[in-house]
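Numbers restart at 1 for each chain; the letters A, B, ... are given by sequence-line order, proteins then strands.
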2 protein chains.
Amino acid sequence: MTQAQILSKNQQIVLDIIEKARGPLKAYSILFNVQKKGINAPQQIYRALDKLIKLGKIHKIESKNAFVACRNTDCEISKATAFSICENCEMVDEISDTKLSKYLTSFNKKGMKFKRFNLEFFGLCKKCK
Amino acid sequence: MTQAQILSKNQQIVLDIIEKARGPLKAYSILFNVQKKGINAPQQIYRALDKLIKLGKIHKIESKNAFVACRNTDCEISKATAFSICENCEMVDEISDTKLSKYLTSFNKKGMKFKRFNLEFFGLCKKCK
DNA sequence: ATTATATATGTTATATTATAACACTTTGTT
DNA sequence: AACAAAGTGTTATAATATAACATATATAAT
Ligand SMILES: [Zn+2]
Ligand SMILES: [Zn+2]
Ligand SMILES: [Zn+2]
Ligand SMILES: [Zn+2]
């Protein structure tokens, strides 16, 4: 049984903001939102983000340089991530599909066994199409 | 039959450098390499990169903010990309796997049909493991 | 051939994203 | 208590990317 991780003050502040957000947040937009809470410098944000990513609490959307909360309890800590991204609005949805995940986790190429993957799908969401 | 695309001067310069490179190149490293050829500003690089991406001649490795030449003749112009990336050295290999590509191209979620995807696998390459 | 249209270029300035380095504090272990 | 590990605050700077504007070249119509 894994111990519930206790987050530090800054880590909790950053996670709260990302979890409350309706879409992906950028590091500097997080920074502007927490200056009232005494966080003043990008480093403080990036350090919290790095830790939260390692813990699997959030993920980075690489194509957007933005961060979303993980809504996926059985998400193998940042090892296998897939997202659907609307090219029109900002919507990002984490895909939780066991078949897809198994298929990709067991995928290997030229004897190279992968430790991790990130998959980003692009299209138009329901609202936008 | 699609007409072979004729590239502009700057586009050709940038493509040549990326094709010659053994690994992914970053925009500013391209810039430093072409200053002898009269290209002086990041804009000139980024504009060429944008066009080359649209043409499917190169791809962006989102997790590295770097660019690689497409070695894949049947690569559907930037619509379906997959890469294997070594976490130790800089090695990036474009994956050309018809089954994988078909599986992902036909993947859809909650009625959302995707137009495009990008998949990045991470691990250790032969040399590094 | 002349006009129109789209595409490309050159340039300066600036915005955005991310890390380095250092001094200090808090937390957990032995 | 002594030590090690993780977290904080801060200043400075590096790396990545775009805005805006003036001009030039290529392509396609008329
Ligand atoms: Zn997740
Ligand atoms: Zn949308
Ligand atoms: Zn390709
Ligand atoms: Zn390697």
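Taking the side chain as every heavy atom from C-beta outward, B:I95 and B:N72 never approach each other to under 4.5 Å. Looking at heavy atoms from C-beta onward, B:C125 lies in side-chain contact with B:M91 at the 4.5 angstrom threshold.
With rounding to whole Å, B:D50 atom CG is found 17 Å from C:dA6 atom C1'. Atom CG of B:L49 and atom C1' of C:dA8 are 15 Å apart (whole Å). Protein atom CG of A:L7 is 15 Å distant from nucleotide atom C1' of C:dT27, rounded to whole Å. If you take CG of B:L52 and C1' of C:dT7, they are 14 Å apart, rounded to a whole angstrom.
Under a 4.5 Å side-chain heavy-atom criterion applied to ILVMFWY residues, the cluster that includes A:L124 comprises that residue alone.
One finds no side-chain N or O of B:N65 lying less than 4.0 angstrom from the OP1 or OP2 phosphate oxygen of C:dT17. For the OP1/OP2 pair of D:dG9 and a distance below 4.0 Å, the side-chain nitrogens and oxygens of A:Q44 include at least one atom meeting the criterion.
Within a heavy-atom distance below 4.0 Å of DNA chain C, the residues of residues 20-43 of chain B found are B:N40, B:A41, B:Q43.
With distances taken from any side-chain atom of B:R47 to the nucleotides D:dA20, D:dT16, D:dT8, the minimum falls on D:dA20.
Applying the side-chain hydrogen bond (donor to acceptor under 3.5 Å, both in side chains) test to every pair with at least one member in residues 115-129 of chain B, sequence neighbours left out, gives these pairs: A:E87-B:K115, B:S63-B:E120, B:T81-B:N118, B:N118-B:E120.
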For nucleotides 3-7 of chain D, which of its nitrogen or oxygen atoms have a protein nitrogen or oxygen under 3.5 Å away, and what is each distance?
unit_1, atom_1, unit_2, atom_2, d
D:dG7, OP1, A:Q11, NE2, 3.3
D:dG7, OP1, A:K51, NZ, 2.9
D:dG7, O3', A:S8, OG, 3.3

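Between the axis at the start and the axis at the end of the helix from C:dA1-D:dT30 to C:dT30-D:dA1 there is an angle of 40°, using five pairs per end and rounding to 10 degrees.
Residue contacts for B:K64: at a heavy-atom cut-off of 4.0 Å it reaches no nucleic acid atom on any strand shown.
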With a cut-off of 3.5 Å and sequence neighbours excluded, list every side-chain donor-acceptor pair involving residues 12-20 of chain A.
unit_1, atom_1, unit_2, atom_2, d
A:Q12, NE2, A:D16, OD1, 3.0

For residues 26-41 of chain A, which side-chain N or O atoms pair as donor and acceptor with protein atoms under 3.5 Å away, sequence neighbours left out?
unit_1, atom_1, unit_2, atom_2, d
A:K26, NZ, A:K64, O, 3.1
A:N33, ND2, A:S29, O, 2.7
A:N40, ND2, A:G38, O, 3.3

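Under the rule for a side chain to side chain contact (heavy atoms under 4.5 Å, CB included), the partners of A:K99 that lie at least two apart in sequence or sit in another chain are A:D97, B:Y103. Not counting sequence neighbours, the partners of A:Q11 by the side chain to side chain donor-acceptor pair (under 3.5 Å) test are A:S8. Judged as a side chain to side chain contact (heavy atoms under 4.5 Å, CB included), and not counting sequence neighbours, the contacts of A:Q43 are A:R47. By the ring pair (Phe, Tyr, Trp, His ring centres under 6.0 Å) test, A:F107 pairs with B:F121, sequence neighbours left out. In this view, A:F83 and A:H59 satisfy the ring pair (Phe, Tyr, Trp, His ring centres under 6.0 Å) rule, not counting sequence neighbours.
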